[in-house]
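Below is one structure; the comments refer to it alone.
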Amino acid sequence: GTWVCLRVGIAWPAPLFWQTTLISIALTLFVIIVRAATLGAAVTGGIFAATFYLATPGIRTALWPLLALMLLTFSATRFGRRRKEILGLAEGRRGRTASQVAANLGVAALTGIPEVASRLFLLAPEDTGRMALAAMLAAMAEATADTVSSELGQVLGGQPRLITTFRRVPPGTDGGITII
């Protein structure tokens, strides 16, 4: 136990650890206040935010793409809400669930494992953060694109067709796509 505490202290000095904690709590509270997610989802997102910041601390952090993901997906989910409610496709008023947050951010968090391990066990050069940041950015960009395209497609897309057979399917069907 002592060895692990010493390694963590070397990998992340106390000020960075406190910054991470404050950022994570602030993002969690923000998500709760704007009702973008359930309590469990907000806490899950806060934990992911902490892992992103610990893997990529400083101004070039993975928190910037995370904030973009939050803003874009929140806006897209709210866009055309009335029409989505009429179609029976609107997300619940409570917001995203913990499983949805984990699905959207899990891959991005996994890409930070090599960076965290290199800091914790000093296995790699100090500057592996760029690779972690690039991988996190790619994973978050995919999650954002998936959510935004689904949310906007339900409102603007018209009649979707199944990607595999091109047969018409009801809006909201998995694999249903539109030109939009």
Side-chain angles (χ1 to χ4, degrees), residues 23-56 61-116 131-180:
I23 289 168
S24 179
I25 291 170
L27 286 173
T28 299
L29 290 174
F30 175 74
V31 167
I32 291 168
I33 289 168
V34 299
R35 296 182 184 167
T38 65
L39 176 61
V43 170
T44 301
I47 292 168
F48 279 118
T51 62
F52 296 153
Y53 194 69
L54 286 174
T56 59
T61 180
L63 291 182
W64 296 117
L66 176 63
L67 291 173
L69 179 151
M70 289 171 58
L71 176 67
L72 290 169
T73 58
F74 179 77
S75 299
T77 300
R78 297 299 189 265
F79 180 80
R81 179 151 184 91
R82 178 70 61 207
R83 177 161 164 71
K84 291 177 196 174
E85 286 173 345
I86 292 168
L87 293 171
L89 301 172
E91 182 175 277
R93 293 269 181 203
R94 296 181 62 210
R96 300 261 189 257
T97 64
S99 61
Q100 289 172 311
V101 171
N104 280 335
L105 298 179
V107 172
L110 290 173
T111 64
I113 288 174
E115 171 63 15
V116 172
M131 290 184 292
L133 181 59
M136 287 177 183
L137 179 60
M140 285 189 257
E142 183 282 325
T144 303
D146 179 57
T147 301
V148 170
S149 66
S150 296
E151 294 289 345
L152 296 182
Q154 292 173 1
V155 177
L156 304 173
Q159 181 66 51
R161 295 184 176 270
L162 199 58
I163 194 168
T164 54
T165 64
F166 296 106
R167 289 188 175 175
R168 291 177 185 242
V169 293
T173 302
D174 285 341
I177 60 170
T178 64
I179 296 296
I180 294 294

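The structure presented is a predicted model; accordingly, all values stated were derived computationally and were not measured. Hydrogens, waters and symmetry mates play no part in the numbers below; they use all other heavy atoms, side chains included.
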Check for a donor-acceptor pair, side chain of Ser24 on one end and backbone N or O of Gly46 on the other, with a separation under 3.5 Å. yes
Just by distance, do the side chain of Ser149 and the backbone of Asp146 share a donor-acceptor pair under 3.5 Å? yes
Pairwise distance OG1(Thr61) to CG(Leu54) - rounded to 0.5 angstrom: 9.0 Å
One should read off an interatomic distance between Asn104 CG and Glu142 CD, to the nearest 0.5 angstrom, of 8.0 Å
From Ile177 CD1 over to Ile179 CD1, what is the distance, rounded to the nearest 0.5 angstrom? 7.5 Å
Shortest non-hydrogen separation from Met140 to Ala62 and the atoms involved: CE-O, 3.5 Å
Verify, without hydrogens or angle tests, whether Thr178 (side chain) and Pro160 (backbone) share a donor-acceptor contact under 3.5 angstrom. no
Heavy atoms from other residues, nucleotides or ligands near CG of Leu110 exceed 12 (cutoff 6.0 Å): yes
Give the minimum heavy-atom separation between Lys84 and Gln154, together with the two atoms involved. CD-OE1, 3.8 Å
Evaluate the criterion side chain to side chain contact (heavy atoms under 4.5 Å, CB included) for residue pair Leu71 and Leu67; output intermediate values, then yes/no. CA-CA 6 Å; Leu71 176 67; Leu67 291 173; over 6 Å; no
The reported gap from CZ in Arg167 to CG in Leu162 (rounded to nearest 0.5 angstrom) is 9.0 Å
I need the single residue from Leu69, Leu72, Thr77 that forms a side-chain contact (heavy atoms from CB on, under 4.5 Å) with Val148. Which is it? Leu72
So, for Leu105 and Leu66, which heavy atoms are closest and what is the spacing to 0.1 Å? CD2-CD1, 3.8 Å
What are the two closest non-hydrogen atoms of Ala37 and Val31, and how far apart are they? CB-CG1, 3.5 Å
State the CG-OG1 distance between Leu152 and Thr147, to the nearest 0.5 angstrom. 10.5 Å
Minimum heavy-atom distance Thr144-Thr73, with the two atoms named: CA-CG2, 4.2 Å
Could you report the tightest heavy-atom contact between Phe166 and Arg161, atom names first, then the distance? O-NH1, 2.9 Å
